[in-house]
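Quick note: numbers below take in every heavy atom, side chains included, and nothing from hydrogens, waters or symmetry partners. Below, chains carry the letters A, B, ... as their sequence lines are ordered, and counting in each starts from 1. Because the structure is predicted, anything quoted here is derived from the model rather than measured.
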There are 2 protein chains.
Amino acid sequence: MPAAESPSRAAAGRRPTLTEVAARAGVGRGTVSRVINGSPNVSDHSRTVVERAIAELGYVPNLAARSLVTRRTDSVALVVPEAETRLFSEPYFSAIIRGVSARLTAAGMQLLLVLVREDEDHAKLASYLTSHRVDGVLMVAVHSGDTLPDLLEDLSVPTVLAGRRNDIEHVGHVRADNSGGARLAVRHLLDKGRRTIATITGPLDMDVARARLDGYREALDSAGVTVDEDLIAYGDFTEEGGRAAMRGLLQRHPHLDAVFAASDVTASGAVLELRAHGRRVPDDVAVVGFDDSIVARHTDPPLTSVRQPIEEMGHTMAGLLLDEIDRRGKGHREVILPTELVVRESA
Amino acid sequence: MPAAESPSRAAAGRRPTLTEVAARAGVGRGTVSRVINGSPNVSDHSRTVVERAIAELGYVPNLAARSLVTRRTDSVALVVPEAETRLFSEPYFSAIIRGVSARLTAAGMQLLLVLVREDEDHAKLASYLTSHRVDGVLMVAVHSGDTLPDLLEDLSVPTVLAGRRNDIEHVGHVRADNSGGARLAVRHLLDKGRRTIATITGPLDMDVARARLDGYREALDSAGVTVDEDLIAYGDFTEEGGRAAMRGLLQRHPHLDAVFAASDVTASGAVLELRAHGRRVPDDVAVVGFDDSIVARHTDPPLTSVRQPIEEMGHTMAGLLLDEIDRRGKGHREVILPTELVVRESA
DNA sequence: GCGAAGCGTGGAACCGCTCCCATGCGGCCT
DNA sequence: AGGCCGCATGGGAGCGGTTCCACGCTTCGC
């Protein structure tokens with residue numbers, strides 16, 4: 001009995017090639033290739049015979065060889081700044097990945113995860129991403145000053161961002177309606193009869209932070225409330241930053257009765273600080289967070305928070321990227337996804 | 001001025017090949033290849049001239065072409081059951097990835113993230129993983145009954161697991177010292193003078209859950225305390241499961257003074273239930289969790305918990321895998337990493 | 001002074017696949 | 001009946017690298 005006959009044997013050693021399949025099926029290489037790629041111009045007989053040979057041999061196409069000629073890799077990279085992964089202990093990270101992965105899988109594509117350290121040089125990374133390993137690039141947590149997206153664009157590598165770097169972003173991206181979400185939050189506080197509403201921002205070199213602050217202003221404006229700049233405290237999305245900002249706010253405005261924090265983590269810091277100063281939440285001061293992260297459900301009291309459709313963002317990003325890969329050159333697009341308010345006990 | 005002269009122009013269009021580099025440098029293709037791969041048998045002059053040509057042309061090697069002949073892809077897959085990603089909102093997921101990525105990057109390798117849905121068939125996935133796209137496979141959250149690791153082993157694809165499926169696991173893996181961590185936790189409770197110590201387990205079809213239960217028994221045994229089976233409640237790592245289990249325990253043992261929960265989430269459920277029954281934590285009942293997850297820091301009171309070195313697990317897994325890839329065939333290995341107790345206010 | 005040894009080098013062969021072209025064949029139209 | 005058209009097919013060329021072999025040159029030993 002010839003050694004190569006058994007599928008399991010064949011799989012264990014060197015794997016069979018298309019040529020071997022052709023030989024076994026008694027057809028030419030072209031025909032096998034056509035069957036594999038689902039070309040319509042194959043007779044039923046050939047197709048059957050080839051499919052059987054493939055099954056018997058346990059043949060799996062060599063993707064490297066294929067991509068060498070097709071110039072496609074059928075995989076895209078998801079670039080994540082390493083510093084952010086800690087922040088991503090939040091559901092954010094996994095939700096984005098789940099969304100991206102679902103869309104990609106549906107298109108038969110693979111996901112390459114690239115963590116990049118802050119200090120790593122962009123040129124090296126860019127050359128990595130252009131080394132014919134990926135068809136496109138997805139980036140999350142891009143900071144305002146990040147030039148990598150431009151670099152990739154120069155290299156004509158299809159790119160899609162989660163969030164934009166500033167309000168004139170020219171690279172394709174998907175983001176949540178941050179200002180809309182903030183308006184929702186502040187309007188909710190107004191509806192509850194709160195009048196002295198403070199806010200704790202995120203780092204303002206991030207567009208999300210700016211947009212959420214804008215929403216805060218807009219909501220007050222359109223309610224006819226004058227924005228008191230002293231009610232705006234600057235945070236950095238961390239718990240400690242939230243505490244510090246809250247401390248400052250209480251000093252300047254001991255009688256404030258509500259706080260809109262630009263992130264749940266910040267909000268949880270604010271809650272801690274409020275309690276330390278003898279304020280009850282929500283009785284004395286109502287608090288609304290942003291992100292609807294796991295923290296929101298575990299603070300005491302649980303946080304009212306603005307939810308963004310993260311998984312859908314991932315899904316949409318992948319979709320946009322696939323579009324760009326297919327019809328290269330066509331202009332970039334931006335998609336804004338709606339946010340919603342999840343009401344819990346803190347406001 | 002010839003169009004191909006400018007690096008940026010060249011980068012934008014079709015990318016230069018090794019042959020073009022050779023032509024420009026005035027050497028043969030072999031020599032360019034040697035320079036790129038750092039072969040010692042190249043004259044200084046050739047090296048200089050080639051390096052300049054590479055820089056001028058903005059040349060980046062085509063990895064597909066390389067891997068076609070070297071039979072290496074320099075990338076590995078991390079396989080994650082999709083159902084688990086939600087659970088991975090915990091730092092676990094990102095910490096593993098960070099560890100894996102760090103080790104891989106150091107070795108110049110790439111990480112392919114593969115989320116697999118429960119219902120997806122293994123054969124398809126396996127053929128994916130064998131299609132010359134990855135050199136090896138890392139798997140997290142493998143359940144007892146999962147046969148994919150065996151399948152991969154049959155196909156002689158190097159594989160390393162996070163955790164083992166059972167105590168006769170034959171595939172290489174890395175795990176935390178779960179029973180040791182449980183012993184630590186229970187001993188801590190004993191040291192605090194607690195005598196009626198209950199435990200809430202995880203799903204016992206998972207090795208981690210079994211190991212943590214074993215540790216509980218061992219700690220009591222070696223302290224000369226007889227294990228009362230009524231003090232063992234079965235949970236499923238969820239908060240609701242923790243509440244239910246706690247409810248049962250309180251019915252059977254109203255006077256218990258401590259609980260060791262096999263996960264923080266379970267523990268947080270237990271704390272909620274205890275409070276609902278008017279028990280104070282830790283005054284009446286001390287609680288210890290497991291995982292030292294973000295939940296542990298946000299419950300009230302913050303949880304004493306067993307920490308496992310997750311990032312290091314990722315790092316070690318990648319290391320083991322790289323070993324297996326290099327010296328194929330040599331036997332598998334298992335590595336057990338130590339756990340430690342993080343004492344907070346709940347015990 | 002001559003052969004052996006050694007080093008740097010160029011280039012052919014090949015990795016496994018897709019693409020395209022040439023070929024053969026049957027069926028349809030005139 | 002003869003000529004065309006179109007479809008299924010086989011196989012050559014080539015994708016962009018690496019590897020290996022043969023070759024020329026220099027250096028060294030006797």
Side-chain angles (χ1 to χ4, degrees), chain A residues 4 10-11 13-51 53-54 57-75 108 127 130-133 135, chain B residues 4 10-11 13-51 53-54 57-75 108 127 130-133 135:
Chain A
R14 198 187 46 71
R15 279 180 243 292
T17 72
L18 177 142
T19 307
E20 293 170 45
V21 173
R24 184 181 189 100
V27 301
R29 297 185 353 263
T31 302
V32 176
S33 177
R34 271 169 230 128
V35 169
I36 290 170
N37 296 299
S39 156
N41 305 325
V42 181
S43 68
D44 286 347
H45 172 256
S46 290
R47 191 182 307 281
T48 317
V49 131
V50 167
E51 274 163 359
I54 288 178
L57 256 30
Y59 169 75
V60 179
N62 182 322
L63 266 10
R66 185 202 309 246
S67 93
L68 181 56
V69 30
T70 58
R71 284 137 186 300
R72 291 253 306 186
T73 60
D74 289 325
S75 59
S127 92
T130 52
S131 51
H132 300 268
R133 214 191 252 292
D135 297 334
Chain B
R14 199 188 43 72
R15 280 179 243 292
T17 71
L18 178 141
T19 308
E20 294 170 45
V21 172
R24 180 175 192 106
V27 301
R29 306 202 332 274
T31 302
V32 176
S33 177
R34 271 168 230 129
V35 169
I36 289 169
N37 296 300
S39 155
N41 305 327
V42 181
S43 68
D44 286 349
H45 172 257
S46 291
R47 190 181 307 280
T48 317
V49 132
V50 167
E51 274 164 359
I54 288 178
L57 256 27
Y59 168 74
V60 179
N62 182 322
L63 266 10
R66 189 204 307 251
S67 95
L68 181 55
V69 33
T70 58
R71 284 136 185 302
R72 292 253 306 187
T73 61
D74 289 326
S75 60
S127 93
T130 51
S131 52
H132 300 269
R133 213 190 254 292
D135 297 334

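- The CZ-P distance, from A:R47 to D:dC7, rounds to 15 Å in whole Å.
- In this structure, B:I54 and B:I36 have side chains that are in contact, with non-hydrogen atoms separated by less than 4.5 Å.
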B:T31 and B:R34: side-chain contact (heavy atoms from CB on, under 4.5 Å), yes or no, with the steps? CA-CA 5 Å; B:T31 302; B:R34 271 168 230 129; 3.5 Å; yes

Please write out the pairs of protein N or O atoms and N or O atoms of nucleotides 17-20 of chain D separated by less than 3.5 Å, giving the distance to one decimal.
| unit_1 | atom_1 | unit_2 | atom_2 | d |
| --- | --- | --- | --- | --- |
| D:dG17 | OP1 | B:Y59 | OH | 3.1 |
| D:dG17 | OP1 | B:N62 | N | 3.4 |
| D:dG17 | OP2 | B:L18 | N | 2.6 |
| D:dG17 | O5' | B:Y59 | OH | 3.0 |
| D:dG17 | O6 | B:R29 | NH2 | 3.2 |
| D:dT18 | OP1 | B:N37 | OD1 | 3.4 |
| D:dT18 | OP1 | B:N37 | ND2 | 3.0 |
| D:dT18 | OP1 | B:R66 | NH1 | 3.1 |
| D:dT18 | OP2 | B:S33 | OG | 2.6 |
| D:dT18 | O4 | B:R29 | NH2 | 2.9 |
| D:dC20 | N4 | B:R34 | NH2 | 3.2 |

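- Counting heavy atoms from C-beta on, the side chains of B:E51 and B:R47 come closer than 4.5 Å.
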Take B:N62 and B:T17, measure what side-chain contact (heavy atoms from CB on, under 4.5 Å) needs, and give me the verdict at the end. CA-CA 8 Å; B:N62 182 322; B:T17 71; over 6 Å; no

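- At least one side-chain heavy atom of B:D74 sits under 4.5 Å from a side-chain heavy atom of A:R133.
- With a cutoff of under 4.0 Å to any heavy atom of chain B, the contacted region of DNA chain C is bounded 5' to 3' by C:dG8 to C:dG16.
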Tell me, with the steps shown, if B:S39 and B:N37 meet side-chain contact (heavy atoms from CB on, under 4.5 Å). CA-CA 6 Å; B:S39 155; B:N37 296 300; 5.6 Å; no

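- Both B:R71 and B:V42 lie close to DNA chain C; mapped to their nearest nucleotides by heavy-atom distance, the more 5′-ward contact belongs to B:V42.
- With no hydrogens or angles considered, a side-chain donor-acceptor pair links B:S43 and B:S46 at under 3.5 Å.
- Side-chain contact check for B:V21 versus B:R24: every heavy-atom pair is 4.5 Å or farther apart.
- A:S46 comes within 4.0 angstrom of sugar-phosphate atoms only, judged by non-hydrogen atoms across all strands, and of no base.
- Here A:N41 reaches the OP1 or OP2 of D:dA8: one of its side-chain N or O atoms lies under 4.0 Å away.
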